[in-house]
Amino acid sequence: MNKIITLVFVVFSTCLSAQDEVAKGVLDKLSATTKSYSNITISFDFTFKNTNQNIDEKKSGNLIIEGDNFLLEMDEQIIINDGENQWIYLKDMNEVQIIKNDPEDEMMSPKNLFTIYEKGYKYKYVGAKS
């Protein structure tokens, strides 16, 4: 009985490891492809769910990245970063916030969008479909 349980565990962990390798391969290919572009434009839908606090928000936006510069438009906010300064325009308040760009602040830099999986994140391949 112990041999059967051990065998099932080994087969299951091998399958998970293979799926992780497939996921890493897909992410590596995406990362290499996007790094080869001088600029990129992304239209996206963002969903934030927190069941504990009964939050289910959906937002759409556009992101344009060129080197360290970016333009992010999302609902009632526009963020422009030229590598030195960052402007955050809040449409509903008709207010602009200007801050000095911090190149060390990885959370505020969309250029890391396609490489964030490399540091401290788990990824999993769940399949492909057309």
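Quick caveat: nothing in here was measured; it's all calculated off a predicted structure. Residue numbers run from 1 in the order of the sequence given.
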Check side chain to side chain contact (heavy atoms under 4.5 Å, CB included) between [X] and all other residues, then give those that pass, not counting sequence neighbours.
X: T33; value: K29, Y37
X: K58; value: T47, D56
X: K122; value: none

Residues which pass side chain to side chain donor-acceptor pair (under 3.5 Å) with [X], listed by chain and number, not counting sequence neighbours:
X: N94; result: Y89
X: Q53; result: none
X: N85; result: none
X: S38; result: none

Distance in Å, [X] [atom1] paired with [Y] [atom2], rounded so as to fall on 0.5 Å steps:
X: Q86; Y: N101; atom1: CD; atom2: CG; value: 6.0 Å
X: S60; Y: F44; atom1: OG; atom2: CZ; value: 8.0 Å
X: E84; Y: K100; atom1: CD; atom2: NZ; value: 6.0 Å
X: L90; Y: I79; atom1: CG; atom2: CD1; value: 8.5 Å
X: Y123; Y: D20; atom1: OH; atom2: CG; value: 7.0 Å
X: D28; Y: L30; atom1: CG; atom2: CG; value: 9.5 Å

Given side-chain contact (heavy atoms from CB on, under 4.5 Å), test T34 with I40 step by step and report yes or no. CA-CA 8 Å; T34 56; I40 190 167; 3.9 Å; yes

Counting only heavy atoms not in D92 (residues, nucleotides, ligands), do more than 12 fall under 6.0 Å from its CG? yes

For atom NZ of K59, is the number of surrounding heavy atoms from other residues, nucleotides or ligands below 6.0 Å larger than 12? no

Are I99 and I80 linked, directly or through other ILVMFWY residues, by side chains that come within less than 4.5 angstrom of each other? no

Which pairs with one or both residues in residues 33-52 pass salt bridge (charged side-chain N to carboxylate O under 4.0 Å, His left out), sequence neighbours excluded? none

So, for F114 and Y117, which heavy atoms are closest and what is the spacing to 0.1 Å? O-CE2, 3.3 Å

Scanning both residues in full, the closest heavy-atom pair of E57 with I55 reads CG-CG2, 3.8 Å

Of all residues at least two apart in sequence or in a different chain, which pass the salt bridge (Lys or Arg N to Asp or Glu O under 4.0 Å) check with D82? none

List, one per line, each side-chain donor-acceptor pair under 3.5 Å for residues 63-76, sequence neighbours excluded.
| unit_1 | atom_1 | unit_2 | atom_2 | d |
| --- | --- | --- | --- | --- |
| D68 | OD1 | K111 | NZ | 2.9 |
| N69 | OD1 | G83 | N | 3.4 |

